[in-house]
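To start, the structure under review is shown below, and the notes come after it.
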Amino acid sequence: MTSKHVRATRHTKFIKNRFASRFLRSHLRMKRSDRFGGSQSNEGVRKRSTHRIKIAAYASMALAVGPSRTWSRALLFKLRNRARLQGVLRKRCLVSKKNKKKRVVRNKVIISREPSRTDTLRKLVPGGDSMDICCLLEETAHYIKCLATQVKVMQTIADQLLL
C-alpha cells in the first residue's frame, strides 16, 4: 500500500505535467495566431497578450484538474461564457453602433454590512458562492495548491526562455 503523501505527490506531479503541456500548447497557438494579426501599438499588443496568457493559464489549470472540483467547473464555465459573450458583442457592435442608450438607475437604499471572512473567501474561489463552509475550505485548499503549482510551472518556463 502507498501512503497518502506518496499518492498526493504523484497526483501533484500529474497535475503539474498536464498543466505544463496544456499551457505550452495554448501558448504556441497564441504565438501562431499573433504572426497573422494586424499591426497595433506595442502597448496594445502587450496588454492583449498578457490577458490571453492569463486566461490560457487559468483554463489550462482547470482542464488539468478536471471536472472533479467545483472551482475548476466554475472557472471553465466562466471562461466559456465570456468567450461566447465576446463573440456576440463583437457581432452586435458590427451590426449597430448607433443604438447606444444610457440607462437611468433609480436610487436604491443599500444596506451595507462588513463582509465576513467566509464572504471574502467565497469571492476569491471560483464557484465559492454556492458552497457550504466545509466544502469551501476544502476547495480553497486545493485551489491554493493548484495556483502554487501554476506559479512554479510558469516560473520554470520563464526561466528556460530567459536562458
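As the structure is a prediction and not an experimental result, all values here were calculated from the model. Just so you know, residue 1 is the first one in the sequence shown, and it goes up from there.
Between K145 atom NZ and K16 atom NZ the span is 13.5 Å, to the nearest 0.5 Å. In this structure, L63 CG and L76 CG are separated by 5.0 Å, a value rounded to the nearest 0.5 Å. Note that CD of Q150 and CZ of F19 are 4.5 Å apart. Values are rounded to the nearest 0.5 Å.
The minimum heavy-atom distance linking S26 with S60 is given by the pair OG-OG, 3.9 Å. Taking every heavy atom of both residues into account, M61 and I15 meet most closely at SD-CG2, 4.0 Å. Closest approach of M30 to A56, counting heavy atoms only: CE-CB, 4.0 Å.
Cluster membership check: I55 shares its hydrophobic cluster with L24, using side-chain heavy-atom separations under 4.5 Å among Ile, Leu, Val, Met, Phe, Trp and Tyr.
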Exercise for review: Starting from the C-alpha separation in whole Å, work towards a yes-or-no answer on side chain to side chain contact (heavy atoms under 4.5 Å, CB included) for F77 and R82.
Suggested key: CA-CA 8 Å; F77 181 75; R82 183 178 291 164; over 6 Å; no
**Q.** Check against side chain to side chain contact (heavy atoms under 4.5 Å, CB included), W71 and C146
**A.** CA-CA 11 Å; W71 68 263; C146 288; 3.6 Å; yes
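Residues F23 and I53 are in side-chain contact: their nearest non-hydrogen atoms beyond the backbone lie under 4.5 Å apart. The shortest side-chain heavy-atom distance between I157 and H27 does not fall under the 4.5 Å cut-off. Using a 4.5 Å heavy-atom cutoff, the side chains of K47 and H51 are not in contact.
Around OH of Y143, the count of heavy atoms belonging to other residues, nucleotides or ligands within 6.0 Å exceeds 12.
The side-chain contact (heavy atoms from CB on, under 4.5 Å) search around I144 returns T140, not counting sequence neighbours. Checked against side-chain contact (heavy atoms from CB on, under 4.5 Å), R18 has the following partners two or more places apart in sequence or in another chain: F14, R22, A64.
With respect to R69 and E138, a salt bridge is recorded, a charged nitrogen being found less than 4.0 Å from a carboxylate O.
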Name each donor-acceptor pair under 3.5 Å that joins a side chain in residues 121-137 to protein atoms two or more places apart or in another chain, with its distance.
| from | atom 1 | to | atom 2 | distance (Å) |
| --- | --- | --- | --- | --- |
| R122 | NH1 | G128 | O | 3.2 |
| R122 | NH1 | M131 | O | 2.3 |
| S130 | OG | G127 | O | 3.2 |
| D132 | OD1 | C135 | N | 3.2 |

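A side-chain donor-acceptor contact under 3.5 Å links T120 to the backbone of S116.
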